[in-house]
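Have a look at the structure below, then the notes.
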Amino acid sequence: MSQFKSEFLNTLATRGFVHQISDAEGLDAAAVAGPITGYIGFDATASSLHAGSLVQIMMLRWMQKTGHRPIALMGGGTTKIGDPSGKDEARKLLTVAQINANLDGISRVFGRFLRFGQGPTDALMINNADWLDRLNYIDFLRDYGTHFTINRMLSFDSVKLRLDREQPLTLLEFNYMILQAYDFLELSRRQACVLQMGGSDQWGNIVNGIELGRRVDGRQLHGLTTPLLTTASGAKMGKTAAGAVWLSADLLSPYDYWQYWRNAEDADVGRFLKLYTELPLAEIARLAALGGSEINEAKKLLANEATALLHGHAAAVAAAETARQTFEEGASAAGLPTISLDLKAGVGLLQACVTAGFASSNGEARRHVQGGAIRVNDLAVSDEKMTLGLGHLNADGAIKLSMGKKKHVLIKPL
């Protein structure tokens with residue numbers, strides 16, 4: 001049972017989003033008193049966010065659903081530096097053109113989860129380049145540099161990790177935490193924003209912003225972080241052997257996205273239903289308690305709900321039907337992910353497995369073949385030197401390549 005009076009914090013706490021809060025009583029009181037504004041920052045390091053960012057996006061969604069105003073802060077400015085948190089080495093510096101292209105891709109995801117507009121609880125999308133690009137370095141250092149001590153900054157995990165492993169931390173990266181703190185100050189001034197949320201690795205940066213707001217403007221600001229989320233087996237959220245679980249349909253099909261959730265480990269089902277769907281907690285408790293093969297029905301519901309939130313109800317229904325046809329009827333199912341290869345010239349089986357995302361290298365693909373996991377047109381293959389060609393096309397004009405029971409790709413000729 002949550003100890004919070006506000007629907008906002010009560011919802012986040014009971015669904016497993018809360019790790020730390022800077023002033024829980026104060027934030028709870030502010031949320032009870034009226035609509036508050038809170039934000040989460042998203043740097044544009046890729047053309048899409050992946051499932052590892054979903055917890056942050058869902059927090060913004062719950063913030064809006066419980067009567068408050070969320071801000072999705074796009075890091076057009078901070079991406080030019082790169083957040084050192086959780087990294088052993090500096091991020092690759094991107095050009096302004098690359099950053100802007102990535103921002104375009106990332107921003108499209110939020111329209112699925114948030115309602116944007118100018119109303120008191122309508123979400124805002126703001127780019128921190130609006131103020132960071134205009135900073136005068138000397139003036140900025142004089143106005144704000146005195147509020148940060150090197151001693152304190154060296155104590156933050158993002159810095160200690162790099163130094164303990166004797167990895168270089170550039171002056172450019174060292175500035176990141178100062179700019180993130182300044183973001184909070186600017187949003188508090190421009191939008192009356194009182195809350196910054198983020199992952200647990202952002203705690204030090206968030207506290208910096210809270211303290212800067214207090215020292216410079218006398219503002220009462222708050223911070224909230226989520227737990228470090230991994231799967232039951234310890235894997236990072238949003239990552240698979242085949243790569244990132246992207247939130248863009250251009251990079252990962254709705255079917256593959258559905259399959260990611262369908263393949264969740266049994267021990268994760270209840271937790272994932274709380275975090276990644278909006279099903280009532282009582283229903284989630286019932287589903288999480290299912291045992292044996294019945295847990296698969298809960299996994300399908302998780303996949304349906306998560307896919308519907310991102311790609312829409314129709315895409316979720318189509319993905320579920322494709323899976324049903326593939327697994328229950330053994331059909332090729334036109335909705336399966338499709339890749340095009342030069343079958344006229346012939347493509348090695350191992351390379352086809354790598355291209356399909358079943359393996360990250362020919363060596364890994366070879367082990368899958370040797371283990372009996374690879375099938376071509378539903379027939380097991382053991383010849384790792386097999387070449388796929390036009391002669392393998394089935395009645396649908398494609399080759400159905402499968403690994404295990406749950407991973408399937410249709411290969412069509414170029």
Side-chain angles (χ1 to χ4, degrees), residues 2-42 53 55-75 78 83 85 114 120-126 128 131 144 147-148 152-153 155-158 176-229 275:
S2 172
Q3 72 275 29
F4 298 110
K5 298 176 181 178
S6 65
E7 184 186 4
F8 169 53
L9 287 184
N10 184 59
T11 298
L12 291 192
T14 55
R15 298 188 81 94
F17 288 93
V18 176
H19 177 58
Q20 288 176 288
I21 304 178
S22 59
D23 172 16
E25 187 175 336
L27 178 58
D28 196 30
V32 168
I36 62 171
T37 299
Y39 88 97
I40 300 177
F42 299 87
S53 298
V55 162
Q56 317 303 329
I57 297 172
M58 289 300 291
M59 281 205 298
L60 293 177
R61 182 176 173 87
W62 279 117
M63 186 173 200
Q64 185 169 55
K65 286 175 71 70
T66 54
H68 304 282
R69 183 173 66 158
I71 296 176
L73 182 67
M74 299 292 99
T78 42
D83 184 1
S85 300
L114 302 174
T121 62
D122 285 343
L124 299 175
M125 183 172 289
I126 299 174
N128 64 14
W131 53 83
Y144 304 105
H147 299 290
F148 299 88
R152 178 76 186 280
M153 294 166 76
S155 71
F156 290 145
D157 288 342
S158 59
Y176 186 94
M177 62 183 76
I178 299 177
L179 295 182
Q180 183 172 329
Y182 184 69
D183 281 347
F184 202 176
L185 179 64
E186 278 289 331
L187 287 175
S188 70
R189 291 171 172 175
R190 293 170 181 242
Q191 301 294 340
C193 181
V194 299
L195 172 65
Q196 182 183 174
M197 300 182 288
S200 58
D201 61 335
Q202 295 298 314
W203 180 249
N205 292 344
I206 292 173
V207 169
N208 262 343
I210 293 171
E211 294 184 352
L212 185 64
R214 177 179 57 80
R215 292 175 181 174
V216 175
D217 286 355
R219 297 177 184 271
Q220 179 62 51
L221 304 179
H222 304 276
L224 185 156
T225 61
T226 58
L228 175 65
L229 289 171
L275 293 171

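All heavy atoms count here, side chains included; hydrogens, waters and symmetry mates do not. All values reported here derive from a predicted model rather than from experimental measurement.
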Please tell me if the side chains of [X] and [Y] come closer than 4.5 Å, counting only heavy atoms from C-beta onward.
X: Trp131; Y: Ile126; value: yes
X: Val216; Y: Arg189; value: yes
X: Leu212; Y: Tyr144; value: yes
X: Leu114; Y: Gln64; value: yes
X: Leu12; Y: Phe4; value: no

For [X] and [Y], work out which heavy atoms get closest and say how close.
X: Gly38; Y: Cys193; result: CA-SG, 3.9 Å
X: Met177; Y: Asn205; result: CB-OD1, 3.1 Å
X: Gly67; Y: Pro35; result: O-CB, 3.6 Å
X: Gly198; Y: Ile206; result: N-CD1, 4.0 Å

Going by the salt bridge (Lys or Arg N to Asp or Glu O under 4.0 Å) test, which pairs reach into residues 8-36, not counting sequence neighbours? none
Could you give all pairs that pass the salt bridge (Lys or Arg N to Asp or Glu O under 4.0 Å) test and reach residues 58-73, with sequence neighbours left out? Arg61-Glu278, Lys65-Glu278
Side-chain donor-acceptor pairs of residues 220-227 under 3.5 Å, sequence neighbours excluded:
{"unit_1": "Thr225", "atom_1": "OG1", "unit_2": "Gln20", "atom_2": "N", "d": "3.4"}

[atom2] on [Y] to [atom1] on [X], rounded to 0.5 Å:
X: Met63; Y: Thr37; atom1: CE; atom2: OG1; value: 6.5 Å
X: Trp203; Y: Ile21; atom1: CH2; atom2: CD1; value: 8.5 Å
X: Ile178; Y: Thr78; atom1: CD1; atom2: OG1; value: 13.5 Å
X: Thr66; Y: Ile36; atom1: OG1; atom2: CD1; value: 8.0 Å
X: Asn10; Y: Trp62; atom1: CG; atom2: CH2; value: 11.0 Å
X: Met197; Y: Ile71; atom1: CE; atom2: CD1; value: 10.0 Å

By ring pair (Phe, Tyr, Trp, His ring centres under 6.0 Å) - contacts of Phe148 (at least two apart):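 Phe148 satisfies ring pair (Phe, Tyr, Trp, His ring centres under 6.0 Å) with no other residue.
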Exactly one of Leu9, Leu229, Val55 clears side-chain contact (heavy atoms from CB on, under 4.5 Å) with Phe17, and that residue is Val55
Option passing side-chain contact (heavy atoms from CB on, under 4.5 Å) with Tyr39 (candidates Val194, Leu60, Leu124, Asp183):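 Among the candidates, only Asp183 passes.
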Between Gln196 and Gln180, do the side chains contain a donor N or O and an acceptor N or O under 3.5 Å apart? yes
Looking at residues at least two apart in the chain, or sitting in another chain, which of them share a side-chain contact (heavy atoms from CB on, under 4.5 Å) with Arg215? His147, Glu211
Check side-chain contact (heavy atoms from CB on, under 4.5 Å) between Ala192 and all other residues, then give those that pass, not counting sequence neighbours. none
